[in-house]
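Some notes on the structure that comes next.
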Amino acid sequence: MAKLRIQFENGDPEKVIEFDPAKAPFHHDGKPGSILDVMLGHGVHLEHACGGNCACTTCHVIVKQGFNKLGESSEQEEDLLDKAPGLTPTSRLGCQAVIEDPDAEIVIVVPRYTINQVSEAAEE
Amino acid sequence: MTGEPSPASAGKRTTLNARVERLFDHATDTRSLFLSLASGKHLRFIPGQFISITIPLGDETRSRPYSIASDPENRGPFEICFNRVEGGRGVAWLFERRVGDTFDFSGPFGAFTIDRAPEAELCFIAEGTAIAPIRPMLKRALASSPAPKIHLIYAAPDHEHILYAAELNALARTADFSYETAIKPPEQIYDALFALAQARWVTRDANRTRHFYICGVGKGVIRLRDLLRGAGYERRSVHYEQW
């Protein structure tokens, strides 16, 4: 079983998901077997304003462990990541980063901020 | 304009509530909804951004993105524009909305934007309803001082699906803006856009300072990106949003 450990920069409690990558998709948004797909399919929220179609950066995650176990990023994902606040060398879009290895142990951090102007700040 | 980003990792996204103020059918399969905030306030956004609408489908809800087609400077209702697609349950639900209906959304989102026009020739490429994010970007660029030279290539299967044609014509008469349309069957639209982009911006001259904003559906958008970057335009001068 693969393991995905999720830490939240905003202090929410850590979540751990154990899953069989061969059973993907787990949800209907994001690439099948992606971090977004795994999280949503196991009841853990990750923002994905564009529906998980690699058209925004709201599912930006920082991979702390297991970066090399993820499927390669596309030029389109890299273009979008360029615009993600808090970009790091191990940043990925959750909707695009696929976990295929059944023995993978991935640790990610969901950053505090994203390009998300939701809130009273969106109204004036 | 960009403001302070807000927390993304909270368990639930913050939602706003919109009321349908008006419908407009561009064609039998293409509609605009004009929306106001239930709070009575004005939605702040950057030209090119989208909202993510919460759509109930059976026992669950899905979030689906819709570009804002109107200008942020317009103090009236803001506009989203969409067309029917085969199997598109979310858009089918939107087509059922009537004046007075309300629904939740979050946003605005997105980095495919123009807040301030670059000091370079600006080239837009769009097809069908993908003109939606381009329209406010185009207007923001034209309102810049000095406004850059701007050209739009816009493709659709027929003239009825060239949206905002009267407005584009009016802009072309009064500003340093030109546009051309390609009317082609759906399966030939990206070949036409590719050929036009190649002729205008790849083979005609050696100028590689232009900035591009491409919006459309599917892999054709990526072909256009690769054409332009492959021709020597800077990676960060070729912006695109693939639906």
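Chain A is the first sequence line, chain B the second, and so forth, proteins listed ahead of strands; every chain is numbered from 1.
For A:Phe26 and A:His42, the gap between ring centers is short of 6.0 Å.
Residues satisfying the side-chain contact (heavy atoms from CB on, under 4.5 Å) criterion with B:Glu21, sequence neighbours excluded, are B:Arg19, B:Ser36, B:Pro77.
Contacts of B:Glu241 with chain A are made by side-chain atoms alone, with heavy-atom separations under 4.5 Å and no backbone atom involved. Both the backbone and the side chain of A:Glu78 come within less than 4.5 Å of a heavy atom of chain B. For B:Ile222, the part lying under 4.5 angstrom from a heavy atom of chain A is the side chain only. At a 4.5 Å heavy-atom cutoff, B:Tyr66 makes no contact with chain A through either its backbone or its side chain.
Across every non-hydrogen atom of B:His161 and B:Ala156, the tightest pair is O-CB, 3.5 Å.
Formation of a donor-acceptor pair under 3.5 Å by the B:Ser144 side chain with backbone atoms of B:Arg140 is found in this model.
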